[in-house]
Amino acid sequence: MLQRLLIEKMEHRIIVGILSFLGIMVLVGWIAINENGRMKAFQDQYLARSIERGAALFNTNCASCHGNDGRGLLGIAPALNSPYLFGHSFLADIDRRIDTLTRERDAAATTDERKAEIDALIADLNSERNSRIAQMQPAISAGYNPERPSRLANLGWSGTLNSYIYTTLVHGRPVSGLYWPQGMAAWSQTAGGPLRGDQLEDLTNYILNWDKGNNWTIDDLNAVVQHPINPVNPATIVMASVETVGTNVAEIEAELVSYTGDPVNGQALYNGAAFACMGCHMNAAVAPLTQNTYPNLLNGTRLSDPALAGYTADRYLIESIVAPNAYVVPGYPAGVMPQNFGDRLTYQDLADMLAYIKSYDDPGAQASASAG
Amino acid sequence: MSVLPFPSFLDDIKEKGFKRALYEGVNEVVERATAGMNIQDIREALRGEAASRKPNPRLQPHADGFWLHMRPSYFHKSVTGIYPEFRLGWLSTYFVFFETITGIFLMIFYTPSPTYAYANMLNIMSNVPLGQFMRDLHRLGAEAMVLIVTLHMLRTFFTGSYKKPRQFTWFTGVVLLFCTMFLSFSGYLLPWDQLALWAVTIGASMIEAAPPEVVGTNLNLLLRGGPEIGANGLLRFYLLHVLAVPALLFIFTGVHYYKVVIHGHSLPPKEENIGEDTAKRVPLDKRVYFIPDIMTSEIMWIGVTTLILVILVTWFYHAPLENHADPQITPLGTTAPWYFLWIQGALKLGDKVLWGIIFPTVYLGFLALLPYLDTTPSRRWAHRRSIFTIILLLISATVVLSYMGLAEFGVINTADVDILHHMTMEPAHNHIGLLRPIPYNQLTPGMYTTRQFKAEPGDEIGMIGAFNAELEQPLGAPIRVGNATVRTPEEFIVNYMETQQHLHLPVGLNFVPLPSDAAELNRVMKKFYEEIEAAHHELRNGWGGLIITDDQNGLKRLDIFIFWHEVEMERGFPVLNANGESIPVLDENGNPVLRVSSHRMYIHQDSQYFNAPGA
């Protein structure tokens, strides 16, 4: 039996052969019609696993500057887990409705009655708009501009968000004299860094996975620790009217007499996201240290500089905050510190902050502020 | 007179009528195309009838045609069945063509560059219709081909068919086996994934051991194109894979088959007298003609074999694709391809030159020269006891060495590394970390511990509450860890997770019972517990923890760790005292040295990890 053709009859061979070829065709056809689904599934699965790898890479390489949760670290690196990066506007829907209503009102055919109705609607919408802006106040104080909510648009980036992230990863970011004392390394091997192209893609996929589409909330925005600072014109921001201190040092000094500073609140402001003083003044390479400098001021070490002749300690502190370029500590470049604190601080804020800085003079007060 | 100004088919129609003229025209074309068989001859052949005209038209294609001139016109009846050939030589040839065809398809979508190769794989998998199908077929065919060619060699040995006059046929066969293995091996590298890089790195590093040093170093540089396998190395392997070795393979296939035809297929040993070779003298009544019997049989087998392969890749086999190649990360448990495991096993015996170069060379050299060394005339088993002994020993040695080549053999990792690897490993070599296939919705954020399984059923909450309290008990003396001072086991672990894994645990450790509706999570944690218990000598007082946190939308972070008291180790094993217990290592204050080892991984809801078969 073993020494004969396995299938001895010609007809049987022909039938088996034909059935085999038919079977192959059926199976290949069956695979072929399922290919679109399979390819889609592979793509989804690959993207998911790419995000997993990206998460591990982010945790190892990026979290130390951008934060574990991607919300940025003060003065170090901006948030990626932020509606700003993804260009989500919290005002767009209201603005669209106002636009539509305004067009209707300006149309010739609109009756006066309808116009009055529209004006009332627009007023409602505006107050809703103002209330949303008020909710965003912590972010606005930190440099976010709700009127210009898209990072890419503000940069004039013409590519996709994906290419923006990928390119930034490849080449890193230079030190920016105005905003970023510390640069970002070039991460791509093609640019001298440690990571391969596929790893940068994994990272990009992970960062893009923070997008919440239309589900971003103002809480997400306010949770951002550090915004990418771009030239902001505070005049464009419609804010609830708050009296800020301005930049006239003599006037401020006179006015402050009637305020009592709270060092605990001052410390919160000093370390908080809004002003982020701590982000720079913790690192002597970036900015003069403030720790224990107030006694120096009083003892005249700093104030003995001839350029500061006639300054009181208070005056020096106020000027350093609202007009930082008026006097720059030797060894540090001018123009690093934001110039707009005068437009953002209220008298109470400033008084609190001064109280906190002065508390360095009094170890007891300092300790209680820390405990608070 | 012609219809047209020159003689044409129309004249035939005019003369014989359309039907007859057409039939004769077609008949003539068929006869020319088949180099001798007209329609009637083919019909008779397929009906299994004898040829009705002489000389036998079925011999004509062998005499006059190109394709069949290389096939014998008839075979001995005794070699057409399963025994003695098992169709292995035919199958080997089949795979040569099968691999060529599927390989050409894949070549269309492939660029031999580390920058693009892996992306090309992803493209083949996600964007080329039937791309995965072709890749699976090519890979499966490659593995099968190594197996089939090896079996073919074994068969030839057992039937003694390598003996005079077929010594050189055997020699070319060994060359073909070598080509096949190298083709399969060089193909490993091309996808540029982790499997590729490390399997080939292991293989290529053997070449480096070739003595003297100047030869080994330069051979290695030539093959890899640099000290590490990179762009040059990939291009070289690619050219070897698609050009050089296939060229060699085709040439030797030609020589091998030519030798088979001129010597005839050797008959089963018992049909011949000792020392006789009657393969070329086939009596008339023993002849099985190529046309029609062998030919239809072969076409049928092409269909059947291809169908089997297609069925396998449809339901049972997918070519592996691991993560992108990364020279920085050596996966735990890297092995050479299975057909080189015996060399990897031999390397574990000691000297790289002796076991990595000399031994395989002697081995393959012995195989190649076998017919010139074993010149006894008899092909009967009873007369070949000594060579059978040698070969069977060699086969056994190969099997044992292959087993020794496995990652499980002789490579000692610490227990914590092994367990964590077992829990989290990326899919590779048909294994996958136990945590990965847990359904996404069972990964409820929280902190879980294996201590739960020490509780009496129903008392998990009490047990875990007590355990949480236990972790807050002060250590014998505070320990300095880096910049921090830790006072409790909890602080020790929290500090470790913060500094080593960037995991912030603001409220410290607070274990909770596993969710009772998460069956898979419970099963895996139970397994984790059992593995730690199984290694209780080394992981003294050991317990495991799993911290699940939300990371992003649809993405969870899993931190798995093992905590234990360090014990004295010797050569990778814990030292046991007279009571059979391991001996703890104590610090200067006489307290046990605490150890924690952890691994973090992320799981996305669409990752679709599934249990490895048999897991």
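First the proteins, then the strands, lettered A, B, ... as listed; each starts at 1.
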Residue A/Thr60 versus chain B: region with a heavy atom under 4.5 Å: both

Note, B/His324 side chain near A/Asp202 side chain (heavy atom, < 4.5 Å): no

Donor-acceptor contact below 3.5 Å, side chain A/Arg196 vs main chain B/Thr115: no

Minimum heavy-atom distance between B/Ser607 and A/Ala48, given as atom pair plus value: N-CB, 3.6 Å

Proximity breakdown for B/Asp293 and chain A, heavy-atom pairs closer than 4.5 Å: both

Backbone of B/His502 reached by a side-chain donor or acceptor of A/Asn68 within 3.5 Å: yes

Structural part of B/Leu555 lying under 4.5 Å from a heavy atom of chain A: side chain

B/Ile124, part contacting chain A, at a heavy-atom distance under 4.5 Å: backbone

Interface residue of largest heavy-atom contact number with chain A, from B/Val79, B/Leu46, B/Leu122, B/Val310, under 4.5 Å: B/Leu122

Nearest-0.5 Å distance that lies between atom CZ in A/Arg38 and atom OG in B/Ser126: 8.0 Å

Heavy-atom check, side chain of B/Ile302 versus side chain of A/Phe21, under 4.5 Å: yes

Residue B/Asp606 versus chain A: region with a heavy atom under 4.5 Å: both

B/Val304 versus A/Ser20, closest heavy-atom pair with distance: CG2-OG, 3.3 Å

From CD (A/Glu52) to CZ (B/Arg436), nearest 0.5 Å: 6.0 Å

Validation row: B/Arg87, A/Leu6 side chains within 4.5 angstrom (heavy atoms): no

Greatest number of heavy atom pairs closer than 4.5 Å to chain B - which of A/Glu201, A/Gln43, A/Arg49, A/Met10: A/Arg49

Portion of A/Asp198 that has a non-hydrogen atom of chain B nearer than 4.5 angstrom: side chain

Greatest number of heavy atom pairs closer than 4.5 Å to chain B - which of A/Asn34, A/Val16, A/Ile31: A/Ile31

B/Ile299 backbone acceptor or donor facing A/Arg13 side chain under 3.5 Å: no

B/Ser297 OG to A/His12 NE2 distance, which is reported to the nearest 0.5 Å: 14.0 Å

Region of B/Gln500 that comes under 4.5 Å of a non-hydrogen atom in chain A: neither

Side chain / backbone / both / neither for A/Gln199 at chain B, heavy atoms under 4.5 Å: side chain

Non-hydrogen atoms of A/Met39 and B/Val128 that approach each other most closely: SD-N, 3.6 Å

Spacing of A/Lys212 atom NZ and B/Gln552 atom CD [to the nearest 0.5 Å]: 10.0 Å

Top contributor to chain A interface from B/Val313, B/Leu503, B/Asp326 [non-hydrogen pairs under 4.5 Å]: B/Asp326

Closest-packed option against chain B by number of heavy-atom pairs under 4.5 Å, given A/Ile24, A/Ile18, A/Asn59: A/Asn59

Proximal component of B/Ile308, with respect to chain A [non-hydrogen, under 4.5 Å]: neither

Spatial distance of atom CG (B/Asp551) from atom CZ (A/Phe58) [nearest 0.5 Å]: 9.0 Å

Toward chain A, the part of B/Pro114 with a non-hydrogen atom under 4.5 Å: neither

Part of B/Ile311 lying under 4.5 Å from any heavy atom of chain A: both

Neighbour count >12 (heavy atoms, 6.0 Å) for atom CG, B/Asp285: yes

Heavy-atom side-chain contact between B/Leu307 and A/Leu27 under 4.5 Å: yes

Chain A interface, residue from B/Lys77, B/Gln132, B/His504 that has the most non-hydrogen pairs under 4.5 Å: B/Gln132

Atom pair CD/OH of A/Gln45 and B/Tyr609 - distance to nearest 0.5 Å: 8.0 Å

Most chain B-contacting option - heavy-atom pairs closer than 4.5 Å, from A/Ile7, A/Ile51, A/Leu47, A/Asn36: A/Ile51

Closest-packed option against chain B by number of heavy-atom pairs under 4.5 Å, given A/Ala56, A/Gly17, A/Gly23: A/Ala56

Interchain contact, A/Ile14 with chain B, by part (heavy-atom threshold 4.5 Å): side chain

